[in-house]
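Notes to accompany the following structure.
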2 protein chains.
Amino acid sequence: MSDTRSKLIDGAITTLRDKGIAGSSARTIAAAADANQALIFYHFGSVDELIVTACRESTAARVALYRAQFNEVTSFRQLLELGRELHTRERGAGNVAVLAQVLAGAQQDRNLAAAAQHALSLWIVEIEATLARLLKGSPIAAVASAEGLARGIAASFIGIELFEGVDPKGAESAIASLEMLGVLVEVVDDLGPVARRALRARLRRTGRASAKTLTS
Amino acid sequence: MSDTRSKLIDGAITTLRDKGIAGSSARTIAAAADANQALIFYHFGSVDELIVTACRESTAARVALYRAQFNEVTSFRQLLELGRELHTRERGAGNVAVLAQVLAGAQQDRNLAAAAQHALSLWIVEIEATLARLLKGSPIAAVASAEGLARGIAASFIGIELFEGVDPKGAESAIASLEMLGVLVEVVDDLGPVARRALRARLRRTGRASAKTLTS
DNA sequence: GTCTATAGAGGGATAGAC
DNA sequence: GTCTATCCCTCTATAGAC
């Protein structure tokens, strides 16, 4: 790993975070990295490929930082607290912002789409494993799968990050409300058999919306 | 309103949806609109201003289509169904995709940020009014505000739209799980006094995370 | 591996004919 | 209002010196 190579990756992350996908050109990235523009093509072949690499490597590094904490989570409460911490810290480091920008570009670019999916999956794997632990034996399991919930949570984080860029106060109130929904989940969890019966009854009466869940 | 003016707005929406914010230039938009490139500057002054106008006007038009349906919602169940319908239909029309792209560009552009915030607020107003009705007298009101929830829902829609571009199956499972969380909300709603007591007790025991809600 | 220089495409924006 | 033509800038990518 040459020094220039990693300088360019850092430059790409900084540029994606600060200037967005539309403002991330070979020139702007090279300027942020304090490197020569032509070296992007020497090391990565194209700007696209540099962004793909930066997205993958930076996400892998950030996720690794939190792996231990995910593994220690034993309640929905703790998961929510970790989510809040993660949101605040990654807002500074910019990994969620980078993911959001790559995701926006990925709608029209197969390369970026593959990188975005891979990067997101790194976060999702951790969230999903944690949820799977929490849902074991919980009445909530009758109503939501770890796979689906993990993806929903990851997507919501991305949306909130973008929302934060245009309305920080609104984003904060959104986060607070979603956290409170987490408290609600925990209460139902604690209600145990009562909640289980109510959920089962409700699901039986529900039409189309829960058809898939009923069969499982 | 000249014909060319609205052709350009339609062209901008199409281009934002199909090529993203990074691929929306005066030339590509004019091509999509089957109009002359110079007319963008005659009618709107700049590409940015055209995108801002397109974002505002298209969102206003789409929101107006759903206003009556929002007003008719009387249960969380119905709100979820409307959300699913809206998601499917707007995926075709592309308003959510356009919002996501403008939002991505808005992180670094004051003009776009104002337009994105305004457009989002049009959706949020409808969701919030509906939620305010549903939360009146509900135990859920102790735990989440209509303002915060409405913003959380809007942000999640944006995130899921972006996720759908890179992993359609994953996005579908995310939506299904979030819908099931809605069922959970409805069950708690029906539990009435039991849920209210449990939530109150839980909030009293909760530290930092719910400090704000406790005082209200 | 790193640099300069440059080709060639596409970008925003304007002048001026009609 | 609409068109062509054009200016000047930035973009990706490469060639070739060091």
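Lettering of chains follows the sequences in order, A, B, ..., and the numbering in each one begins at 1. The shown structure was predicted, so the numbers you read here are calculated from the model rather than taken from an experiment.
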Less than 3.5 Å apart, which donor and acceptor atoms pair up between the side chains of residues 163-171 of chain A and the rest of the protein, not counting sequence neighbours?
| residue | atom | partner | partner atom | Å |
| --- | --- | --- | --- | --- |
| A:E164 | OE1 | A:H87 | NE2 | 2.8 |
| A:D167 | OD1 | A:G170 | N | 2.9 |

Throw together a table of side-chain donor-acceptor distances under 3.5 angstrom for residues 122-130 of chain A, partners on residues two or more places apart or in other chains.
| residue | atom | partner | partner atom | Å |
| --- | --- | --- | --- | --- |
| A:W123 | NE1 | A:N95 | OD1 | 3.0 |
| A:E126 | OE2 | A:R67 | NE | 2.7 |
| A:E126 | OE2 | A:R67 | NH2 | 3.4 |
| A:E128 | OE1 | A:R151 | NH1 | 3.1 |
| A:T130 | OG1 | A:E126 | O | 2.8 |

Distance-only donor-acceptor pairs under 3.5 Å for side chains of residues 108-119 of chain A, two or more places apart:
| residue | atom | partner | partner atom | Å |
| --- | --- | --- | --- | --- |
| A:D109 | OD1 | A:N111 | N | 2.8 |
| A:D109 | OD1 | A:L112 | N | 3.0 |
| A:H118 | ND1 | A:R56 | NH1 | 3.4 |

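Considering only residues two or more places apart in sequence or on other chains, A:F44 meets the ring pair (Phe, Tyr, Trp, His ring centres under 6.0 Å) condition with none of them. Taking B:F41 as the reference, nothing meets the ring pair (Phe, Tyr, Trp, His ring centres under 6.0 Å) condition, with sequence neighbours excluded.
Per the geometry, CD1 belonging to B:I29 stands 16 Å off P belonging to C:dG10, to the nearest Å. One interatomic measurement links the two molecules: NE2 of A:H43 to C1' of C:dC3, which rounds to 12 Å at whole-angstrom precision. A:I40 places its CD1 atom 14 Å from the C1' atom of C:dC3, with the value rounded to the nearest Å. For B:F44 and D:dG1, the CZ to C1' distance is 13 Å, given to the nearest whole Å. In this entry the distance linking CG of A:N36 with P of C:dA5 reads 11 Å, nearest Å. For B:L50 and C:dG11, the CG to C1' distance is 15 Å, given to the nearest whole Å.
For the pair B:E57 and B:R5, the salt-bridge criterion is met [side-chain N within less than 4.0 Å of a carboxylate O].
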In the 5'-to-3' direction, what one-character label does each nucleotide of nucleotides 12-18 of chain C receive under the scheme B = base within less than 4.0 Å of a protein heavy atom, S = sugar-phosphate only, - = no such atom? BBB----

